[in-house]
Amino acid sequence: MLNVILPDGSTLNYTRRVTALDVAGDIGKRLAKATLAAEVDGKLVGSDQLLPAEGEVRLRLITQRDPEALDLMRHSCAHVMARAVMRLYPGVQLAFGPTIENGFYYDFLIEQPISEDDFPRIEAEMRNIVAEGELFERVELPRTEAVELCRELGQTLKVEHIEEGLGDEASVSFYRQGEFVDLCRGPHLAAASKVGAVKLLSVAGAYWKGDSNREQLQRLYGTAWFTQDDLDEHLRKLEEARRRDHRVLGRQLELFMIDPKVGSGLVMWLPKGATVRRELEAFIYDELLRRGYQPVYTPAIGRVELYETSGHYPYYKESQFPPIDLAAHWGEGEKYLLRPMNCPHHIRIYQSKPRSYRDLPLRIAELGLVHRYEQSGELTGMTRVRGFTQDDAHIFCTAEQVGDEFRGCLEMTQFVLKTLGLENYRVRLSFGDRSSDKYVGAPETWERAEAALAQVCREMPGLPEPHIEVGEAAFYGPKADFVVNDCIGREWQLGTVQLDYNLPSPQRFGLEYIGTDNQPHEPVMIHRAPFGSLERFVGMLIEHFAGAFPLWLAPEQVRVLVVSQKFEDYARQVERRLVEAGLRVGTDYRPEKIGAKIRDAQLELIPYMFVIGGREQEGGAVSVRDRLQGDVGAMPVDEALAKLREEIDAKTVRRVAG
RNA sequence: GCUAGCGUAGCUCAAUCGGCAGAGCAGCUGAUUUGUAAUCAGCAGGUUGUGGGUUCAAGUCCCUCCGCUAGCUCCA
């Protein structure tokens, strides 16, 4: 006899074999109709799978309301799409078709390229399949028979996957829908008819098993929701993201440009973007000084030997601009590298004189310009570029000081992110993989460093529980990366704090300090660039604020508008006072109607407008128009000025969305 | 780097089957002197990304290179 325990504690007993769907049917007809799958003793299974004959099982029925449901439906949706593609393109080889955030994809090996023009056909075929409403039927086969089946079906990628990827499994499962059979762990919806509103989004290349030496597949991306409304809402969000694209806003608002004649991936900051950057830099420098960092300036190139010593040149040779070889041009001279990182220069500053334990921790900071030859397909706006400015610093300290210093880095990052209204972020701890030979240094050193990082993160007030990812570390040490959510929930990987026991070692630069025992010791290095690069950081801020920066960052903080050119003299007096008070002021003295001037200033996302006409001139006042609230009335110039000053000094973030 | 798509005026876009390159905004000139999201008129703006090919004829078809977009691979 089988004893089925439901989440509310009630139980049902069966002497015959039943499926989750049978149980749902015994509870209620509507529940049975709504049931998409089931969780049996914590494991997700199809609703049509037989429960054990006897014993006791905990059963939870999954309906649209459950968080797993969407994922399940999207997975079935991937199968429906694959089936549609196989009907339309004979000879297709199937690869993988998992769910992803908000949707799913499926990888196909086909000779003939699929383009977005083909989407309507594929979608139509998918609708046919959903209308046919066939059942997803689970079939378990012994490994050898499974291989045989895939061979018969001509699915050689699946054959390879069973033989190499699923080598340990005694049996493997398939899902069958009419003529369509696919290797799949499941579970699935009971039938294709439960698939909701679907839209194909894009097609792109992908490598078989993620290996760039293997076959290139065609990956079809789609999104799926239970209702048309949910789908429409999702498409609206995608549209919203496009509207905030920093590449579009960057051009519209004249913040930055990238010119192919100068070079791909090389950002030029236009005056308005430069203003935003300058304010951020000033803010960051203030915080660095407050926290005992010592700013330096060092050159953007260095001799190749320097990077051979650090190990970066051999390791990352392919992704650096090739050395400048003076000998090749002039018959004699050395080779220089456009620096791909700042640490060697800072290390040489450390080594410029003997260091004592009294000098430590030594914190050397620089907004350092570095260049890396990123692959052409990687370049994107300001977020992935070939020349960028790291908010870099290197901390040289004793092993005992590592915890405190690491904590200090986290604290400063928290403070800066909070100031910008970026309250949602996570910390990803990237650890080494002991089984890989990619990493340098002794395993004990790694263990110690990783334990220290994890402990500090866990003890840090206000910091979310860190996610640990093994195998993501830099080759010289573990790191903590900041992944920030912007106001529409997208993730941005920004900066990083990294422990380094490698560069100070005798095999590299051989750093030393004299300890209290009058003996030389090896310091530990911390690399930290909590915002990554200014380029990426500002790119993220543009999208986060949708181009409407808080007053302290806004390139133009106030625009003085005259109702008629008759009032220009008074307006110029007001303008002068604002400029003298340190505000960034623009003016509009065109012989235009006031409505047109306001419209232009609104579209340029200028936070405040001071409107001046006869009434203001008589009263020594300005009419203040707030970009967000509209007309807020007239007030004396001093009062308006004080209001703005206060908002600037407080670095107020008034609104990020919209 | 790979796969696919794309590249027309400063910007956003049009140009039927291969048949005289066009509009709006921005710009310039003139008129208008305006009270809280677009005043009117005129003018100018182009070797259709580059180089080659097919054709009587190429923005349109083919090839090369450059660039951009999506994704993959990479990311010190």
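Just so it is clear, the values below take in all heavy atoms, side chains as well, and ignore hydrogens, waters and symmetry mates. On a predicted model such as this, the values are computed, not experimentally measured, just so you know. To find a chain, count down the sequence lines: A is the first, B the second, and so on, and within it residues start at 1.
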Sort and list the pairs that fulfil side chain to side chain donor-acceptor pair (under 3.5 Å) and have at least one residue in residues 307-316 of chain A, not counting sequence neighbours. Ser310(A)-His312(A)
Tightest non-hydrogen contact, residues Val402(A) and Ile526(A), listed as O-CD1, 4.1 Å
Of the listed nucleotides rG67(B), rG1(B), rC72(B), the one nearest the side chain of Ser376(A): rG1(B)
Holding to side-chain contact (heavy atoms from CB on, under 4.5 Å), I want the full list of residues that pass it with Pro530(A), two or more places apart in sequence or in another chain. Asp391(A), Thr413(A), Arg528(A)
Kindly state which residues belonging to residues 302-318 of chain A come within less than 4.0 angstrom of RNA chain B, counting heavy atoms of the residue only, listed by number. His312(A), Tyr316(A)
Check salt bridge (Lys or Arg N to Asp or Glu O under 4.0 Å) between Asp245(A) and all other residues, then give those that pass, not counting sequence neighbours. Arg247(A)
Can you sort out the partners of Asp626(A) under salt bridge (Lys or Arg N to Asp or Glu O under 4.0 Å), two or more places apart, ordered by chain and number? Arg654(A)
When the distance from CZ of Phe119(A) to P of rA70(B) is rounded to whole Å, what number comes out? 15 Å
Test salt bridge (Lys or Arg N to Asp or Glu O under 4.0 Å) applied to Asp392(A) - qualifying residues, sequence neighbours left out: none
Across all chains, not counting sequence neighbours, the ring-ring contact (aromatic ring centres under 6.0 Å, His included) partners of Phe567(A) are none
How would nucleotides 31-38 of chain B be written as a contact map, 5' to 3', with B for base contact, S for sugar-phosphate-only contact and - for no contact, using protein heavy atoms under 4.0 Å? -BBBBBBB
Show me the dot-bracket string of RNA chain B, counting Watson-Crick or G-U pairs under 3.5 Å, with | for pairs to another strand and [ ] for crossing ones. (((((((..((((.....[..)))).(((((.......))))).....(.(((..]....))).))))))))....
With sequence neighbours left out, what residues match Asp481(A) under salt bridge (Lys or Arg N to Asp or Glu O under 4.0 Å)? Arg428(A), Lys479(A)
Give me each pair satisfying salt bridge (charged side-chain N to carboxylate O under 4.0 Å, His left out) with a member in residues 335-348 of chain A, each pair once, sequence neighbours excluded. Arg339(A)-Glu366(A)
Name the residue closer to the 5' end of RNA chain B, choosing between Ser319(A) and Gln218(A) according to the nucleotide with the nearest heavy atom. Gln218(A)
Sorted by chain and number, sequence neighbours left out, side-chain contact (heavy atoms from CB on, under 4.5 Å) with Ala474(A) holds for Tyr476(A), Gln498(A)
Figure out the CZ/C1' separation between Arg247(A) and rG7(B), and round it to whole Å. 15 Å
